[in-house]
Amino acid sequence: MTTATAGWTRPYDTARSGGVEAALTALYDQVAAGSLVAGPAGQALAPGAVGRAADRVWPGGTPLRQLAGVTAVTLPAPVRDADLLAVRGLPGPDGSGWEPYRTWLLGLAWLRLGSSAGLLDRARSQLAGRRAAGGPLLRQQLVQATLAEAVTDQLTVRALLTDPDPAVDLVQAHHQLTASDHVLLPVLGAAGYTEDGPGRAVYLSHLLADVYLPARHEVRRSGVRR
């Protein structure tokens with residue numbers, strides 16, 4: 001295990017085995033303890049306990065009590081029962097703030113990679129005992145090709161995330177994780193789309209990407225290619 005990988009073991013492992021919400025708490029603790037992380041559009045999504053206790057915005061350290069126009073946002077239906085706080089109207093990263101924000105994007109990518117790996121684990125487990133056309137479903141060419149595509153995406157992202165080069169494109173890594181999830185969900189059949197099934201974790205993972213993923217040109221305006 002490389003040093004880069006070891007630094008993100010907790011959010012990755014927690015997302016893979018314990019779920020995205022628990023992993024998000026771990027990520028907040030590791031990167032921005034005590035603060036609410038603001039995305040490029042001034043939005044934030046945090047575990048309820050973390051968000052309610054936060055007194056500052058990260059990055060930047062702006063005190064929340066000095067801000068006007070911050071409003072709570074109703075969570076979408078698939079995760080409305082979750083103890084999560086969603087707000088908008090925060091100052092997003094700008095200028096020098098993009099450099100520390102890259103740390104959040106990196107940690108979030110490890111969290112989402114763990115979630116995607118957990119989805120793959122579930123797909124393999126669900127398919128292991130099923131048979132079709134007189135043989136194990138896992139041995140069908142289409143199923144094997146689908147799983148192989150997801151594994152390739154995940155391995156590619158893992159390689160990107162362990163690369164110490166600061167020019168690694170984290171935006172692309174996040175998009176590839178989304179692609180991996182879209183490949184895997186249909187393998188699970190109807191269970192992949194139920195609100196209490198793996199589809200919920202995928203939805204939350206993609207919601208985090210929507211909140212926190214910047215456009216490439218936004219990051220490049222700071223003078224650093226991402």
Side-chain angles (χ1 to χ4, degrees), residues 7-8 10-11 14-15 19-112 114-115 166 169-175 177-178 195 200-226:
W8 301 107
R10 186 181 170 203
T14 304
V20 175
E21 292 157 73
L24 186 59
T25 298
L27 183 61
Y28 261 93
D29 288 345
Q30 185 166 341
V31 177
S35 298
L36 199 58
V37 179
Q43 300 172 327
L45 185 63
V50 174
R52 289 188 291 268
D55 60 359
R56 292 182 179 274
V57 180
W58 188 97
T62 304
L64 280 169
R65 63 180 177 276
Q66 293 182 4
L67 296 175
V70 178
T71 57
V73 178
T74 301
L75 290 168
V79 292
R80 193 161 293 165
D81 64 331
D83 184 17
L84 295 169
L85 177 70
V87 299
R88 64 185 177 190
L90 302 173
D94 191 18
S96 61
W98 284 115
E99 194 59 39
Y101 190 71
R102 177 179 167 81
T103 303
W104 176 260
L105 285 181
L106 177 60
L108 187 62
W110 277 108
L111 181 158
R112 296 189 64 222
S115 176
D169 193 341
L170 291 177
V171 174
Q172 176 58 33
H174 277 278
H175 285 318
L177 286 170
T178 298
E195 291 187 9
R200 184 180 186 278
V202 171
Y203 185 90
L204 182 51
S205 174
H206 294 183
L207 180 61
L208 284 166
D210 288 342
V211 170
Y212 288 113
L213 199 59
R216 287 180 177 83
H217 69 86
E218 289 181 307
V219 188
R220 286 172 180 167
R221 279 204 300 266
S222 70
V224 181
R225 181 184 181 277
R226 292 287 180 263

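Since the structure is predicted, the reported quantities are computational estimates derived from the model, not experimental observations.
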Return the [atom1] to [atom2] distance between [X] and [Y], rounded to the nearest 0.5 Å.
X      : Y      : atom1 : atom2 : answer
Leu213 : His206 : CG    : NE2   : 11.5 Å
Leu105 : Trp98  : CG    : CH2   : 7.5 Å
Leu27  : Arg112 : CG    : CZ    : 12.5 Å
Ser205 : Leu24  : OG    : CG    : 10.5 Å

Backbone N/O of [Y] and side chain of [X]: donor-acceptor pair under 3.5 Å:
X      : Y      : result
Tyr101 : Asp94  : no
Gln30  : Gly7   : yes
Arg88  : Val73  : no
Thr178 : His174 : yes
Arg80  : Leu75  : yes

Do you know the tightest heavy-atom contact between [X] and [Y]?
X      : Y      : answer
Val79  : Leu204 : CG1-CB, 4.2 Å
Pro59  : Pro93  : CG-CB, 4.0 Å
Leu207 : Pro76  : CD2-CD, 4.2 Å
Ala54  : Ser35  : CB-C, 3.9 Å
Ala23  : Thr14  : N-CG2, 3.5 Å
Leu84  : Pro47  : CD2-CA, 3.9 Å

Is any side-chain heavy atom of Asp210 closer than 4.5 Å to a side-chain heavy atom of Gln43?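 Sidechains of Gln43 and Asp210: no contact.
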Note, Pro91 side chain near Leu67 side chain (heavy atom, < 4.5 Å):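 Yes, close enough: below the 4.5 Å cut-off.
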Quick one: ring pair (Phe, Tyr, Trp, His ring centres under 6.0 Å) partners of Tyr203, sequence neighbours excluded?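 Expected list: none.
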Residues which pass salt bridge (charged side-chain N to carboxylate O under 4.0 Å, His left out) with Asp81, listed by chain and number, not counting sequence neighbours: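 If we apply the salt bridge (charged side-chain N to carboxylate O under 4.0 Å, His left out) test to Asp81, skipping adjacent residues, the hits are Arg200.
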Per the salt bridge (charged side-chain N to carboxylate O under 4.0 Å, His left out) rule, what does the pair list look like for residues 48-67, sequence neighbours excluded?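 For residues 48-67: Arg52-Asp83.
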Decide side chain to side chain contact (heavy atoms under 4.5 Å, CB included) for Val31 and Trp58; before the verdict, give the C-alpha distance in whole Å, the side-chain angles of both, and the deciding distance to 0.1 Å. CA-CA 9 Å; Val31 177; Trp58 188 97; 3.8 Å; yes
Show the numbers, then the answer: is there a side chain to side chain contact (heavy atoms under 4.5 Å, CB included) between Leu90 and Thr62? CA-CA 9 Å; Leu90 302 173; Thr62 304; over 6 Å; no
Run the side chain to side chain contact (heavy atoms under 4.5 Å, CB included) check on Tyr28 and Leu36 step by step: do they pass? CA-CA 8 Å; Tyr28 261 93; Leu36 199 58; 4.1 Å; yes
